[in-house]
Amino acid sequence: MVYFLRSSSQLSRPEAEEKNNPKMHSFGYRANALLTFAITILAFMCGIASLSDNFNSPSPSAQVQVLNINWFQKQPNGNDEVSMTMNISADLQSLFTWNTKQVFVFLAAEYETSKNSLNQISLWDGIIPSKEHAKFWIHTSNKYRFIDQGSNLRGREFNLTLHWHVMPKTGKMFVDKIVMPGYRLQDDYR
C-alpha cells in the first residue's frame with residue numbers, strides 16, 4: 001500500500017478551517033448548545049404552565065363567627081384594645097391547582113375613621129401547605145393585638161376580611177379576599 005502525505009496547503013477549504021480551529025465541535029461547544037436549547041424549552045414550558053392557571057376559576061368560601069369580646073379597654077396611652085374569641089371556617093380547596101406551592105391566608109379587621117379611609121388590623125394568619133389542609137375550622141382568639149391608634153373603636157362597625165395569597169411553583173402570585181360585613185363593637189369598655 002502506498003500512502004500519500006499532503007501538506008496543509010493542499011487540504012480542501014473545510015478541512016483547512018477545521019485544522020485551524022480545532023475547538024469548533026468540541027465537547028464544550030456541544031454542551032453549551034444543548035444547555036441553551038434545554039433552558040429555552042424549560043422557560044417556554046414554565047410560561048405555558050403559568051398561563052394555564054388563568055383557566056382556573058376558584059370559588060372559596062369562608063365564615064367567621066365572633067363568639068365573645070374577651071376585653072375591650074382603653075390603654076394608658078389612650079389607644080383602644082380589643083380581644084375576641086372567634087370561630088373561623090373556610091374552604092379554600094378550589095385555590096389549589098397542580099401549580100400551587102402554598103397559600104398564605106390572614107384574617108383582618110377593617111374599618112373607617114375620620115383620619116383614615118381604611119384601617120386594617122391583622123387578627124390571625126396561617127400557611128396552608130396543601131389542598132388536604134385547605135378546608136379548616138379554627139376556634140381561636142385573635143393571634144395579633146387588635147389596637148386602634150386612638151379611641152375610635154367604641155360603637156364602631158367593622159368588616160372581617162379573609163385575605164389569601166396563592167404562591168405558585170412558577171408564575172405570578174394571585175391575591176384575593178372575601179369581605180364579611182356586619183360586625184360592631186360595643187359602646188362601652190369592659
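The backbone N or O of Gly155 lies less than 3.5 Å from a partner atom in the side chain of Arg184, making a donor-acceptor pair. Checked by atom type and distance alone, the side chain of Asn159 never pairs as donor or acceptor with a backbone atom of Thr161 at under 3.5 Å. For Arg156 (side chain) and Glu112 (main-chain N/O), a donor-acceptor pair under 3.5 Å exists by modelled atom type. Put simply, the side chain of Asn119 never gets that close to the backbone of Glu110: no donor and acceptor are under 3.5 Å apart. The backbone N or O of Tyr144 lies less than 3.5 Å from a partner atom in the side chain of Asn142, making a donor-acceptor pair.
Around the CE atom of Met167, the shell of radius 6.0 Å holds more than 12 heavy atoms that belong to other residues, nucleotides or ligands. Heavy atoms from other residues, nucleotides or ligands lying under 6.0 Å from CD of Gln186 number more than 12. Residue Lys74 places its NZ atom among more than 12 non-hydrogen atoms of other residues, nucleotides or ligands, all under 6.0 Å distant.
Hydrophobic clustering keeps Val179 apart from Val166 (ILVMFWY residues linked when any side-chain heavy atoms are closer than 4.5 Å, directly or through intermediates). Val105 is connected to Ile138 through a chain of hydrophobic side-chain contacts under 4.5 Å among Ile, Leu, Val, Met, Phe, Trp and Tyr, so both are in one cluster.
Relative orientation of the His139 and Trp137 rings is parallel, given thresholds of 30° and 60° on the angle between their planes. Ring geometry for Trp124 versus Phe136: interplanar angle of 30 to 60°, hence tilted. Ring geometry for His163 versus Phe106: interplanar angle under 30°, hence parallel rather than tilted (30 to 60°).
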**Request:** Apply the test side-chain contact (heavy atoms from CB on, under 4.5 Å) to residues Leu107 and Ile88: give CA-CA distance (whole Å), side-chain angles for both, the deciding distance (0.1 Å), then the verdict.
**Result:** CA-CA 9 Å; Leu107 180 70; Ile88 305 169; 3.8 Å; yes
**Asked** So Thr100 and Phe174, side-chain contact (heavy atoms from CB on, under 4.5 Å) or not? Walk me through it.
**Response** CA-CA 10 Å; Thr100 304; Phe174 172 69; over 6 Å; no
**Verdict with reasoning, Phe158 to Ile121, per side-chain contact (heavy atoms from CB on, under 4.5 Å)** = CA-CA 11 Å; Phe158 65 98; Ile121 300 168; over 6 Å; no
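For the pair Asp80 and Phe146, the minimum side-chain heavy-atom distance is 4.5 Å or more. Between Gln102 and His133, every side-chain heavy-atom pair lies at or beyond the 4.5 Å cut-off. Side-chain contact check for Ile127 versus Val103: every heavy-atom pair is 4.5 Å or farther apart. Within the 4.5 Å cutoff, the side chain of Asn56 has heavy atoms near those of the Pro58 side chain.
Separation of atoms CD1 (Ile69) and CE (Met86) is listed at 9.5 Å; rounding is to 0.5 Å. In this structure, OG1 in Thr140 is found 11.5 Å from CE in Met84, a value given to the nearest 0.5 Å. Rounding to the nearest 0.5 Å places CG of Leu160 at 12.5 Å from OH of Tyr111. Gln73 CD to Leu153 CG: the interatomic distance, rounded to the nearest 0.5 Å, is 12.0 Å. To the nearest 0.5 angstrom, Glu81 atom CD is 4.5 Å from Ile147 atom CD1. The structure places OG of Ser61 at 6.5 Å from CD1 of Ile178, a figure rounded to the nearest 0.5 Å.
Considering every non-hydrogen atom in both Pro60 and Ser94, the closest pair reads N-OG, 3.4 Å. Of all heavy-atom pairs spanning His165 and Val175, the tightest one is ND1-CG2, 3.6 Å. Contact between Tyr189 and Arg154 at its shortest, heavy atoms only, is OH-NE, 3.3 Å. The shortest non-hydrogen separation linking Ala109 to Leu123 is CB-CD1, 3.9 Å.
Across Lys177, Gln63, Met180, a single residue satisfies side-chain contact (heavy atoms from CB on, under 4.5 Å) together with Leu162, and that is Met180.
With sequence neighbours excluded, the residues that form a side-chain contact (heavy atoms from CB on, under 4.5 Å) with Asn99 are Asp53, Thr97, Pro168, Lys169, Thr170.
Here Lys143 pairs with Asp125 in a salt bridge; the nearest charged N to carboxylate O distance falls below 4.0 Å.
Side chain to side chain, Asn70 and Thr85 meet the donor-acceptor criterion of an N or O pair below 3.5 Å.
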